[in-house]
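Chain letters run A, B, ... following the sequence lines, proteins first and then strands; every chain starts at 1.
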Amino acid sequence: MEVNGTVVRPLDLLDEIVHRHNTEEGAAIPILQEVQNTFGFVAPAVLERIADLAHMSATELYSIVTFYAQFRLQPPGENLVRVCTGTACHLAGAEKILQAVENETGAREGGTSPDGKFTMERVACLGCCSLAPVVMLNEQIHGRLTPEAVRRLIKAVGRR
Amino acid sequence: MGAPKIVRVGLATCGIAAGADKVFQALAQELTGQQDVWLKQTGCLGMCHNEPLVEVLTPAGESYLYTKVTPEKATDIARRHVLGGEPVRDWLFDDGHYLAKQKRVVLRNSGRIDPESIDDYLEAGGYQAIAKALREMTPEQVIGELEKSGLRGRGGAGFPTYLKWRLTRQSPGRPKYIICNADEGDPGAFMDRSVLESDPHSVLEGMLIAAYAIGAREGYIYVRAEYPLAVKRLKLALAAARERGFLGENILGSGFDFDLKLREGAGAFVCGEETALMMSIEGKRGMPRFRPPFPAESGLWGKPTSINNVETYANVPWIILNGGEAFAQYGTERSKGTKVFALAGTITRGGLIEVPMGITIREIVFEIGGGIRSGREFKAVQIGGPSGGCLPASLADTPVDYESLTQAGAIMGSGGLLVMDDSACMVDVAKFFLDFTVKESCGKCTFCRLGTKQMQAILQRITNGEGREGDLELLEELANSISRASLCGLGQTAPNPVLTTLRFFRDEYEAHLYEKRCPAKKCRALIRYQVNPDRCNGCGLCNSYCPTNAISGEKKRPFSIDQNLCTHCGLCFNVCRHEAISVN
Ligand SMILES: Cc1cc2nc3c(=O)[nH]c(=O)nc-3n(C[C@H](O)[C@H](O)[C@H](O)COP(=O)(O)O)c2cc1C
């Protein structure tokens, strides 16, 4: 892997993250968050190593990873589509948006498309209620969508 | 050389989503290097329906607000108004009503200052309240001022803030902690995000004052993971405050030490509950525990802890600077001050509003919100999200204060206020919230874990047209048991959306149950899509969209829908350009 232009071994990176946080009390969640930010997901083997380094039980780490919706045990697709299903979006037709995304990407809710291009998630609220319905595609929020508009959006990204 | 013209662009999440960053770039292209012009980013002005927003301030202090600005319009505004001196009248915001009924305490700096600049905050009177507290007031006097103000927690429960602080102060354990609850998980609520994105230092200053009053040297801000911009701006604010000596040791030479850590949530709604939140900071699964002991006695790591909401803290510097009495002049007998609401739904003007307590729902919906969009009928407001309730239009004169809302069956909640027109199905809305609580229940209490699932199943069958005699009574019975047998607010209030809709919209439940009919035409199993042959010109667009190939026909002749194949997804209805598809 490459970080700031230098090649580093993933394991070194992992160890460094754990050691940096480990002096803090209650560090398990920040460690897991940084690991996921770095590698995209927390692989089971990675959990074992964190447990060893941080003197925690792997069971405990699993219980945390499975409790919090943010953590992924599987690698995500190239693009992350988050469909907001907050109240305003629900009333503005979020289910139809969700379905259009499923149809267009081939990814089921919470899953990744067969070609690995898209992971699709449902989120409780992105807090852009006046722009409902909204979708967050990677880091960018798109609002006032129609099923048609979201299909176009996904097509455009998929072609890249 | 005169004072500069200031051009401000609202760059909070909603603004950016609406394209404000491109507007900013367009302005920068025209204005960079210009003498006497200062292009600034700022936070949220609260007018989401009008984003992106650009404000031009003249040296004489006049303000011109442009709404729904595109990059092209921005270029024009820069050339004609900022450089040319001639306002572009056609694009100016001309709706004073939106702001006339509002009072800005919490949002005093939002949309005015650059949230990434501590100097901007200082210029707006920032960190003067903590200076005043440290130099002129004892901790007890600070708490006394809060008592006079009547401030109650804005995170939902409305507990008097001064009392929480006093109890934590008097608690014998050491060290003491304070926490800012920025987990804001209610769908439809974005008040706290907006405050953090637009004015993070106000929250830090409020926390400093709280820490001084309570005797805490360490604190945490627990912020929701889905708020990347808020996290970024908080980090910048923390670094700047540390650099200027507002955080750290011997703050302002007073001998008072305090520092803050930022913790990001990991996507669990229940972690907004205070005991669960502390579990999460401790690095565990965020599951609520029984109270007492209350956090004031035994909170984070078993130490006395005071936890407050973002908005609660943002009120504090204002109260210290202006006095508790000045704050208490707003609001009602028992609900003082203002409340920020995220106003959304099918209204004309939506966004972030701050109103004095005691204002009626009607004033919010019609005077601030401009009434229902596209001429439909106002049906209900949902207040308080998954813990709250739906109040019908007939109760629109209910004043917005803690007691009146609770009495009416809703709650103040954290500030989500969703307006619905007659296209909303109230059974569907109740089910929506229950789906949410079922997903977010942590599973600790049986009634919350399984009872909500049972309620969800019943609502599912009612909306599927498979409801049974006695279902409504069963819902009420379950609701009652769940409220009584759950440990935390999540379970205790989870039945509220169902109970209030049953109370005020029972006829809709009955239509689903007995007539197999969804009056709002929302519930998929109870509606039929049909092609109106007189309007259909046979373009085939619907056919190309139908995911189940339920639509067939010959080009240029009316198409038809096979009801056996149709899944009622409504795509055809949405794409048809000739309004040839009807729903019954
Ligand atoms: C399920 C649940 C979720 C909650 N979520 C939040 C939240 O997101 N933000 C918040 O400030 N309070 C939330 N609360 C309320 C907190 O438990 C607590 O009362 C509040 O943070 C206290 O701050 P305040 O006195 O300033 O209102 C939640 C409570 C429950 C039961």
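Across all non-hydrogen atoms, the minimal contact from B:S280 to A:I29 is O-CD1, 3.4 Å. B:P547 and A:N103 make their closest contact through CB-ND2, 3.7 Å (heavy atoms, listed as atom of the first residue, atom of the second, distance).
The OG1 atom of A:T87 lies 8.0 Å from the CG atom of B:D186; values are rounded to the nearest 0.5 Å. Annotation: the span from A:C125 atom SG to B:F436 atom CZ amounts to 9.0 Å, rounded to 0.5 Å. Atom CG of residue B:N574 and atom NZ of residue A:K96 lie 4.5 Å apart, to the nearest 0.5 angstrom. A distance of 7.0 Å separates NZ of B:K522 from NE2 of A:H90, quoted to the nearest 0.5 Å. Atom NZ in B:K284 sits 8.5 Å away from atom CD in A:E60 (nearest 0.5 Å).
With a threshold of 4.5 angstrom between heavy atoms, A:S63 approaches chain B through its backbone and through its side chain. Residue contact with chain A, scored on non-hydrogen atoms closer than 4.5 Å, involves the side chain of B:L418 exclusively. For chain A, no part of B:C425 is nearby; none of its heavy atoms comes within less than 4.5 Å. Residue contact with chain B, scored on non-hydrogen atoms closer than 4.5 Å, involves the side chain of A:L131 exclusively. Heavy-atom distances place the side chain of A:Q99, and not its backbone, under 4.5 Å from chain B. Looking at B:I347, there are no atoms closer than 4.5 Å to chain A (heavy atoms on both sides), in backbone or side chain. Using a 4.5 Å cut-off between heavy atoms, A:A132 does not touch chain B at all.
Salt-bridge check for B:R263 with A:E24: passed, with a basic side-chain N closer than 4.0 Å to an acidic carboxylate O.
Note: A:A124 leads A:G93, A:A124, A:A100 in heavy-atom pairs under 4.5 Å with chain B. Among the candidates A:R144, A:E148, A:Q70, the residue making the largest number of heavy-atom pairs closer than 4.5 Å to chain B is A:Q70. Counting heavy-atom pairs closer than 4.5 Å to chain A, the top-ranked of the candidates B:R193, B:Q382, B:M420 is B:R193. Looking only at heavy-atom pairs under 4.5 Å with chain A, the residue among B:C442, B:G286, B:A189, B:A342 that has the most is B:G286. Put simply, of A:E139, A:R151, A:E95, the one with the most heavy-atom pairs under 4.5 Å next to chain B is A:R151.
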